[in-house]
Amino acid sequence: MAGAGEEMKLLSTWFSPFGSRVKLALHLKGLSYEYVEENLQSKSQLLLESNPVHKKVPVLFHRGKALCESMVIVNYIEEAIPDAGPSLLPSDPYERAISRFWVSFIENKFVGPWCQLFEGAKTRAEKAEGLKQILAARMAMEGALEGKPFFGGDSVGCVDIALGGLLVWVRASEVLFGVKFFDAATTPLLSAWAERFAALDAARAALPDFGRVLQYAMMVRGPAAGAVAVNN
């Protein structure tokens, strides 16, 4: 657990997959934190002051300072408190660089197109192209899992967190759009990884309830579509 002077506070929303990433890192590292629920329909002064550029969650407060962007925060947690829990990044510089490559890949080739599926302003053709990109990205990620249970190898790392934070939303999206993103027949390694990741104690503690997310996703897919994309 975090020691004296290590108090942390997380500002997020219950449904944010990006906030879930930070929660996953904190639970995996065994760090205690105060959680503050944000209302994105009426953003608090705390959010506006702590993230004045993007005005988005999550925001992590540590040692009196605010940090924004989910994977920036995950990397900060690893570097600022290296002795807490298991390492989320490889010690070898090359392997660490490879991990950061895959985090960037997930952000640009999977998360970006996936968020577009919920944007009401996007045309049917644009969403179809986004779906095509997602399906191509998952095949690349399937290859990255070859011969290991997690992207981090035998243990969970930052790449697992980058994708795992979205896991409940991905499953809800499968119901909404009628497409299997992680399919045992097409992507057996990703499918097995998803089951393995979801069974982790940290995932059980950090990820939101599937039924509640599905209900919320059905709502934001309507006139308010795009709400999913505001949190990164």
Side-chain angles (χ1 to χ4, degrees), residues 1-91 96 99-100 102-104 106-107 111 150-152 155-169 197-209 212-213 216 227-232:
M1 305 300 284
E6 298 288 356
E7 293 83 2
M8 286 181 281
K9 178 165 65 177
L10 175 61
L11 180 65
S12 188
T13 62
W14 69 267
F15 57 82
S16 171
F18 308 103
S20 292
R21 288 172 166 176
V22 180
K23 291 180 182 179
L24 283 164
L26 291 168
H27 283 280
L28 285 165
K29 300 289 282 185
L31 297 168
S32 59
Y33 63 98
E34 176 190 353
Y35 176 75
V36 179
E37 178 74 12
E38 176 64 34
N39 180 2
L40 295 179
Q41 302 305 314
S42 179
K43 296 179 180 179
S44 68
Q45 196 62 30
L46 179 62
L47 175 60
L48 298 177
E49 291 177 354
S50 59
N51 190 358
V53 176
H54 298 299
K55 303 177 179 63
K56 300 175 182 177
V57 296
V59 178
L60 182 73
F61 300 89
H62 184 222
R63 299 172 180 166
K65 298 179 180 179
L67 298 108
C68 310
E69 303 294 323
S70 59
M71 294 311 296
V72 171
I73 296 171
V74 171
N75 277 275
Y76 172 83
I77 292 170
E78 175 65 25
E79 294 174 356
I81 317 175
D83 297 331
S87 177
L88 303 177
L89 284 167
S91 57
R96 183 169 290 208
S99 293
R100 286 173 170 156
W102 281 111
V103 168
S104 178
I106 289 169
E107 296 288 64
V111 176
F150 296 103
F151 289 98
S155 60
V156 173
C158 63
V159 182
D160 299 280
I161 290 173
L163 187 59
L166 280 74
L167 191 53
V168 174
W169 270 101
F197 187 90
L200 295 171
D201 289 341
R204 294 179 184 275
L207 298 180
D209 175 73
R212 192 180 179 196
V213 166
Y216 181 79
V228 176
V230 301
N231 310 302
N232 66 359

S.K.: If you measure from the Lys or Arg side-chain nitrogens to the Asp or Glu carboxylate oxygens, is any gap between Arg21 and Glu107 under 4.0 Å?
M.R.: yes
S.K.: Kindly compute the distance separating CD1 (Ile106) from CG (Leu166), expressed to the nearest 0.5 Å.
M.R.: 8.5 Å
S.K.: Rounded to the nearest 0.5 Å, what separation is found between the SG atom of Cys158 and the CG atom of Leu89?
M.R.: 4.0 Å
S.K.: Considering all heavy atoms of both residues, which atom of Gly19 and which atom of Ser12 are nearest to each other, and what is their separation?
M.R.: CA-OG, 3.4 Å
S.K.: Given side chains that start at C-beta, do those of Glu38 and Lys43 come closer than 4.5 Å, heavy atoms only?
M.R.: yes
S.K.: Could you report the tightest heavy-atom contact between Pro90 and Arg96, atom names first, then the distance?
M.R.: O-NE, 2.8 Å
S.K.: Show the nearest heavy-atom pair for residues Ser87 and Glu78, with the distance to one decimal.
M.R.: OG-OE2, 2.9 Å
S.K.: Is a side-chain donor or acceptor of Lys9 paired with a backbone partner of Leu60 at a separation under 3.5 angstrom?
M.R.: no
S.K.: Looking at Asp201, I'd like to know if its CG atom is crowded, meaning that more than 12 non-hydrogen atoms belonging to other residues, nucleotides or ligands lie closer than 6.0 Å.
M.R.: no
S.K.: Assign the ring pair Phe15 / Tyr216 to parallel, tilted or perpendicular, where the plane angle (0 to 90°) is split at 30° and 60°.
M.R.: parallel
S.K.: Should Tyr33 and His62 count as side-chain neighbours, where that means a heavy-atom distance under 4.5 Å?
M.R.: no
S.K.: If you take all heavy atoms of Gly165 and Ser20, which pair is closest and at what distance?
M.R.: O-CB, 3.7 Å
S.K.: Compare every heavy atom of Pro208 with every heavy atom of Val168, then report the nearest pair and how far apart it is.
M.R.: CG2-O, 3.5 Å
S.K.: Checking Glu37 against Thr13 for the side-chain contact (heavy atoms from CB on, under 4.5 Å) test, could you report, in this order, the C-alpha distance in whole Å, the side-chain angles of both residues, the deciding distance, and whether it holds?
M.R.: CA-CA 5 Å; Glu37 178 74 12; Thr13 62; 3.8 Å; yes
S.K.: Are any non-hydrogen side-chain atoms of Val22 and Ile77 less than 4.5 angstrom apart?
M.R.: yes
S.K.: What's the spacing between Lys56 NZ and Leu40 CG if we round to 0.5 Å?
M.R.: 11.0 Å
S.K.: May I ask you to test the Leu28-Ile161 pair for a side-chain heavy-atom distance under 4.5 Å?
M.R.: yes
S.K.: Check for a donor-acceptor pair, side chain of Tyr76 on one end and backbone N or O of Cys68 on the other, with a separation under 3.5 Å.
M.R.: no
S.K.: Going through the checks in order, is the side-chain contact (heavy atoms from CB on, under 4.5 Å) test met by Phe150 and Leu200?
M.R.: CA-CA 12 Å; Phe150 296 103; Leu200 295 171; 4.3 Å; yes
S.K.: Testing the basics here: between Met8 and Ser32, what is the closest heavy-atom pair and its distance to 0.1 Å?
M.R.: CE-O, 4.0 Å
S.K.: Taking side chain to side chain contact (heavy atoms under 4.5 Å, CB included) as the criterion, tell me which of Leu207, Asp160, Val74 meets it with Leu24.
M.R.: Leu207
S.K.: Taking the side chain as everything from C-beta on, heavy atoms only, tell me whether Asn75 gets closer than 4.5 Å to Arg100.
M.R.: yes
S.K.: Tell me, please, which residues at least two apart from Phe61 pass ring-ring contact (aromatic ring centres under 6.0 Å, His included).
M.R.: none
